[in-house]
Amino acid sequence: MRIHNTLTGHVEEFKPQREGQVAMYNCGPTVYKRQHIGNYRAFLMADLLRRALTYLGYEVTQIMNITDVGHLTEDDVADAQGEDKLQKEAARRNVDPWEIAREQERYFMEDLAVLRVPPAHGYPRATDHVAEMIEMIGQLIEKGHAYEVDGNVYFSIDSFPAYGRLSGNTMDKLNAGAGGRVEERTDKKSPHDFALWKRDEKHLMQWDSPWGKGYPGWHIECSAMAKKYLGETLDIHTGGPDNKFPHHECEIAQTESITGRPFVRYWVHCGWLEIGGGKMSKSKGELYTIPELTEMGYEGADIRLFLLRSHYRAPLPFDLELLDEAKTVRARLDNFVYHEMTERPDGTANPDLPKLLADTRRRFKEALEDDLNTSAALAALFELMHAVNKAQPGREDAERVVALVREFDEVFDVLSPPPQQDLDAEIQSLIEERDTARAERNFARADEIRDELAARGIELIDTDGGTRWKKS
RNA sequence: GGUGGCAUGGCCAAGUGGUAAGGCAAAGGAUUGCAAAUCCUUGAUCCCCGGUUCGAAUCCGGGUGCCACCUCCA
């Protein structure tokens with residue numbers, strides 16, 4: 001397995017700390033608003049990574065955090081001026097922030113289910129780990145990496161020279177490029193210092209701490225929970241492109257200042273999902289949530305395939321036509337498995353088939369091993385389908401082919417469930433009537449019945465072996 | 001101003017030194033009572049200029065265009 005590591009900027013050979021075992025942490029959602037499809041690109045990448053690693057024989061432990069406090073609207077300012085996003089939404093809707101957090105967390109899980117994302121091994125909430133955060137903050141102060149000013153605790157950037165290694169925004173660069181954008185004056189020693197603990201009497205979520213009542217800053221939660229559930233050094237840490245800076249820089253600074261060991265071996269970030277030539281984000285208008293898309297008739301699997309068809313790191317344009325295309329492709333896959341390869345006649349085994357299957361599996365695997373090259377993996381699958389359709393296999397060969405397609409689908413998970421085979425008696429008799437009409441060459445009546453069933457969502461397919469149908 | 005990234009046929013998209021995967025769309029053909037599906041056929045010298053090389057979409061230099069981060073954001 002080779003994977004692109006943001007830390008080095010290169011695709012590297014992946015070697016977990018423990019042979020065959022992977023400790024993976026995914027930056028999860030901030031539960032103050034419904035996540036949109038752009039957010040889900042990052043979560044589906046995490047899912048892909050987990051599935052691919054599992055397919056390749058690794059045992060993966062996956063932890064994804066739920067941010068339910070402390071994510072500020074002004075992380076850079078990172079003093080008491082910044083607003084907690086959850087708090088802001090709570091004030092807007094005039095409801096308890098806890099209520100919003102739990103509601104949005106529930107929606108998130110619902111969306112993941114629609115997207116066929118199997119649950120991670122844990123979804124720790126920030127608010128359940130304030131004690132761990134306080135402990136880490138205390139350690140940072142002890143070691144001289146953090147300082148308290150009037151109930152606020154800041155991480156001192158100057159105490160961590162490696163700051164900026166991940167994003168390229170090193171301190172000298174940040175200072176050089178300040179260009180008037182860092183203008184605020186605060187109680188911080190350096191404008192780039194970020195908050196670990198914040199005092200704010202008006203905040204609705206308050207915890208006791210050695211520095212008085214307050215609540216934790218955003219970045220510290222990931223350091224605390226990653227350490228608790230996966231240890232001091234993670235094999236993989238994922239996130240969206242926006243997490244690189246400052247969030248992940250801050251995580252590195254906090255954790256490594258305490259442990260003195262590398263925090264993460266491989267940083268993996270996805271590319272932006274773009275809409276209208278720009279990124280899709282909550283602060284702009286046009287974004288789609290999962291329920292909005294399903295109401296429009298798209299299935300989770302359509303969205304999966306749309307996202308998995310291109311490389312996870314490339315910027316990906318989003319529009320409904322591309323989603324339609326994914327739907328078309330998926331229909332072709334379904335058709336192959338449930339129609340072309342089903343009810344095949346008996347036949348002799350094709351001597352070339354074993355090699356075709358082995359080559360296809362090798363190509364598929366090698367593509368995944370090459371920094372999750374899903375485009376190439378899918379190309380292998382399409383070429384297999386083409387070759388098999390051409391060869392018109394007998395039943396046993398067809399079953400072998402389908403088994404391989406299903407094996408690939410453990411990674412992609414885009415096949416529809418098997419079509420229902422039960423039909424009510426009325427429809428059944430209409431189909432029989434049509435068969436009779438066709439036999440009598442009464443095509444007018446036959447087409448009439450076809451149209452009628454189509455209106456009821458039943459699509460008829462005439463084959464040599466008789467009339468088949470499927471729900472359209 | 002600083003940082004990171006992108007530029008491949010109508011659209012989407014692989015490919016990082018050896019004569020451009022795959023998908024969607026489109027067109028023609030085979031098959032079909034009509035359909036659907038399937039099969040056959042048809043398309044790009046890879047943003048521009050210069051360089052390195054026997055050979056570059058792929059490396060180097062210089063341009064141009066676009067996106068993002070340095071505010072909230074996956």
Side-chain angles (χ1 to χ4, degrees), chain A residues 6 9 11 26-30 32-33 35-46 71-77 82-83 85 88 164 166-170 172-182 192 238-247 269-274 277-284 287 305-306 309-311 313-317 319 321-322 324-329 331-332 335-336 339-340 363 367 370 373-383 385-386 388-390 392 438 441-444 446-447 450-451 454 459-464 468 470 472:
Chain A
T6 309
V11 176
N26 312 126
C27 264
T30 301
Y32 71 108
K33 255 186 195 171
Q35 301 286 295
H36 58 71
I37 184 169
N39 302 119
Y40 283 107
R41 185 177 192 196
F43 305 135
L44 276 177
M45 173 195 73
H71 196 160
L72 306 177
T73 53
E74 295 174 71
D75 284 305
D76 176 58
V77 176
E83 262 187 290
K85 296 200 285 196
K88 193 177 171 189
L166 184 69
S167 62
N169 287 313
T170 51
D172 51 329
K173 300 278 179 49
L174 281 173
N175 291 329
R181 290 197 64 170
V182 179
H192 300 292
T238 72
D242 50 333
N243 287 146
K244 289 179 205 169
F245 187 91
H247 185 52
H269 297 94
C270 65
W272 287 103
L273 187 64
E274 298 182 338
K279 69 167 181 171
M280 185 184 290
S281 76
K282 290 172 191 169
S283 43
K284 288 189 187 171
L287 42 79
L305 189 58
F306 161 69
R309 286 185 68 201
S310 61
H311 190 81
R313 234 160 359 92
L316 175 62
D319 68 56
E321 277 169 31
L322 291 173
D324 287 334
E325 189 182 319
K327 200 182 189 55
T328 301
V329 171
R332 206 184 132 202
N335 179 258
F336 180 75
H339 178 59
E340 299 294 345
R363 284 179 59 194
D370 183 18
N373 191 338
T374 48
S375 309
L378 282 172
L381 173 57
F382 289 131
E383 285 177 40
M385 283 167 49
H386 187 246
V388 170
N389 275 328
K390 201 169 168 177
Q392 289 294 302
R438 288 182 69 219
R441 305 191 67 78
N442 180 359
F443 297 121
D447 290 345
R450 180 201 287 284
D451 290 344
E459 185 186 341
L460 297 182
I461 301 156
D462 297 324
T463 73
D464 292 342
R468 299 165 61 108
K470 65 178 182 184
S472 52

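Below, read A as the first sequence line, B as the second, and so on, with proteins coming before strands; counting in each chain starts at 1.
Atom C1' of B:rA56 sits at a distance of 14 Å from the matching atom of B:rU8, rounded to the whole Å. Rounded to the nearest Å, the gap between the C1' atom of B:rG17 and that of B:rG28 is 39 Å. Between the C1' atoms of B:rA27 and B:rA68, the separation comes to 40 Å (whole Å). With C1' as the reference atom, B:rA14 and B:rC46 are 13 Å apart, rounded to whole Å. Atom name P, nucleotides B:rG10 and B:rA44: the rounded distance is 10 Å, in whole Å. The gap from the P atom of B:rA57 to that of B:rC72 amounts to 44 Å, rounded to the nearest Å. The separation of B:rC39 from B:rC48, taken at their P atoms, amounts to 35 Å, rounded to a whole angstrom. Nucleotides B:rC54 and B:rC11, compared at atom C1', are 38 Å apart to the nearest Å.
Note on A:Pro29: nothing from the nucleic acid sits closer than 4.0 angstrom, heavy atoms only. Within 4.0 Å (heavy atoms only), A:Glu383 reaches sugar-phosphate atoms of the nucleic acid but no base atom. Using a 4.0 Å heavy-atom distance criterion, A:Gly271 is classed as a base contact.
Formation of a donor-acceptor pair under 3.5 Å by the A:Arg41 side chain with backbone atoms of A:Trp272 is found in this model. The backbone N or O of A:Arg309 lies less than 3.5 Å from no partner atom in the side chain of A:Thr374, so there is not a single donor-acceptor pair. Looking only at distances, no side-chain donor or acceptor of A:Asp370 sits under 3.5 Å from a matching main-chain atom of A:Asn373. At distances below 3.5 Å, at least one donor-acceptor pair connects side-chain atoms of A:Asp319 with backbone N or O atoms of A:Glu321.
Residues passing the salt bridge (charged side-chain N to carboxylate O under 4.0 Å, His left out) test with A:Arg332, sequence neighbours excluded: none. The ring pair (Phe, Tyr, Trp, His ring centres under 6.0 Å) search around A:His311 returns none, not counting sequence neighbours.
In terms of position on RNA chain B, the residue among A:His311 and A:Arg363 whose nearest nucleotide sits closer to the 5' end is A:His311. Mapping A:Ala377 and A:Ser167 onto RNA chain B by nearest heavy atom places A:Ser167 at the nucleotide closer to the 5' end.
Between the CG atom of A:Leu322 and the C1' atom of B:rC24 there is a distance of 9 Å, rounded to whole Å. The NZ atom of A:Lys327 sits 14 Å away from the P atom of B:rA25 (whole-angstrom rounding). Across the protein-nucleic acid pair, A:Trp272 atom CH2 and B:rA74 atom P stand 8 Å apart, rounded to whole Å. We find that CG of A:Asn373 is positioned 8 Å from C1' of B:rG15, with the value rounded to whole Å. For A:Lys33 and B:rA74, the NZ to C1' distance is 14 Å, given to the nearest whole Å. Taking atom NE2 of residue A:His247 and atom P of nucleotide B:rC70, one finds them 14 Å apart after rounding to whole Å. Counting to the nearest Å, the P atom of B:rC39 and the CZ atom of A:Phe382 are 13 Å from each other. Atom CG of A:Asn243 and atom C1' of B:rA68 are 14 Å apart (whole Å).
Ionic pairing of A:Arg438 and A:Asp462 is present here: one or more N-O contacts between side-chain nitrogen and carboxylate oxygen are shorter than 4.0 angstrom. In summary, A:Arg363 and A:Glu383 engage in a salt bridge, as defined by a charged side-chain N under 4.0 Å from a carboxylate O.
Considering only the side chain of A:Gln392, B:rU38 comes nearest among B:rC72, B:rA21, B:rU38. For A:Ala42, taking side-chain heavy atoms from C-beta onward, the closest of the listed nucleotides B:rA21, B:rA74, B:rC39 is B:rA74. Counting only heavy atoms from C-beta on, A:Lys244 has its side chain closest to B:rG4 among B:rA74, B:rU38, B:rG4. Nearest nucleotide to the side chain of A:Ser375, out of B:rC40, B:rA13, B:rG23: B:rA13. In the set B:rC6, B:rA25, B:rA14, B:rC6 carries the atom at the smallest distance from any side-chain atom of A:Pro315.
At the phosphate of B:rC40, OP1 or OP2 sits under 4.0 Å from a side-chain N or O atom of A:Lys390. For A:His386 and B:rC40, the shortest distance from a side-chain N or O to OP1 or OP2 is below 4.0 Å. Residue A:Gln35 has a polar side-chain atom (N or O) positioned under 4.0 Å from OP1 or OP2 of B:rA74. For the pair A:Asn389 and B:rU38, the criterion of a side-chain N or O lying under 4.0 Å from OP1 or OP2 is not met.
Judged by distance alone, with hydrogens and angles left aside, A:Glu325 brings a side-chain donor or acceptor within reach of the base of B:rG23, the pair sitting under 3.5 Å.
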Give the intermediate values and the outcome of side chain to side chain contact (heavy atoms under 4.5 Å, CB included) for residues A:Leu273 and A:Phe306. CA-CA 11 Å; A:Leu273 187 64; A:Phe306 161 69; 4.0 Å; yes

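Checked by atom type, the side-chain pair A:His386/A:Asn389 shows no donor-acceptor distance below 3.5 Å.
Using the Watson-Crick or G-U wobble rule with both distances under 3.5 Å, B:rU64 pairs with B:rA7. The partner of B:rA26 is B:rU42, judged by Watson-Crick or G-U wobble contacts that both fall below 3.5 Å. With a cut-off of 3.5 Å on both Watson-Crick or G-U wobble distances, the partner of B:rU32 is given as none.
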Pairs under 3.5 angstrom, nitrogen or oxygen only, protein versus nucleotides 33-37 of chain B, please.
residue, atom, partner, partner atom, Å
B:rG33, O6, A:Arg434, NH2, 3.2
B:rG33, O6, A:Arg438, NE, 3.2
B:rG33, N1, A:Asp447, OD1, 3.0
B:rG33, N2, A:Asp447, OD1, 3.1
B:rG33, N2, A:Asp447, OD2, 2.5
B:rC34, N3, A:Arg450, NH2, 2.7
B:rC34, N4, A:Arg450, NH2, 3.4
B:rC34, N4, A:Asp462, OD2, 2.5
B:rA35, N6, A:Asp462, O, 3.1
B:rA35, N1, A:Asp462, N, 3.0
B:rA35, N3, A:Arg450, NH1, 3.4
B:rA35, N3, A:Arg450, NH2, 3.4
B:rA36, O2', A:Glu459, OE2, 3.4
B:rA37, O3', A:Asn335, OD1, 3.4
B:rA37, O2', A:Asn335, OD1, 2.7
B:rA37, O2', A:Glu340, OE2, 2.1

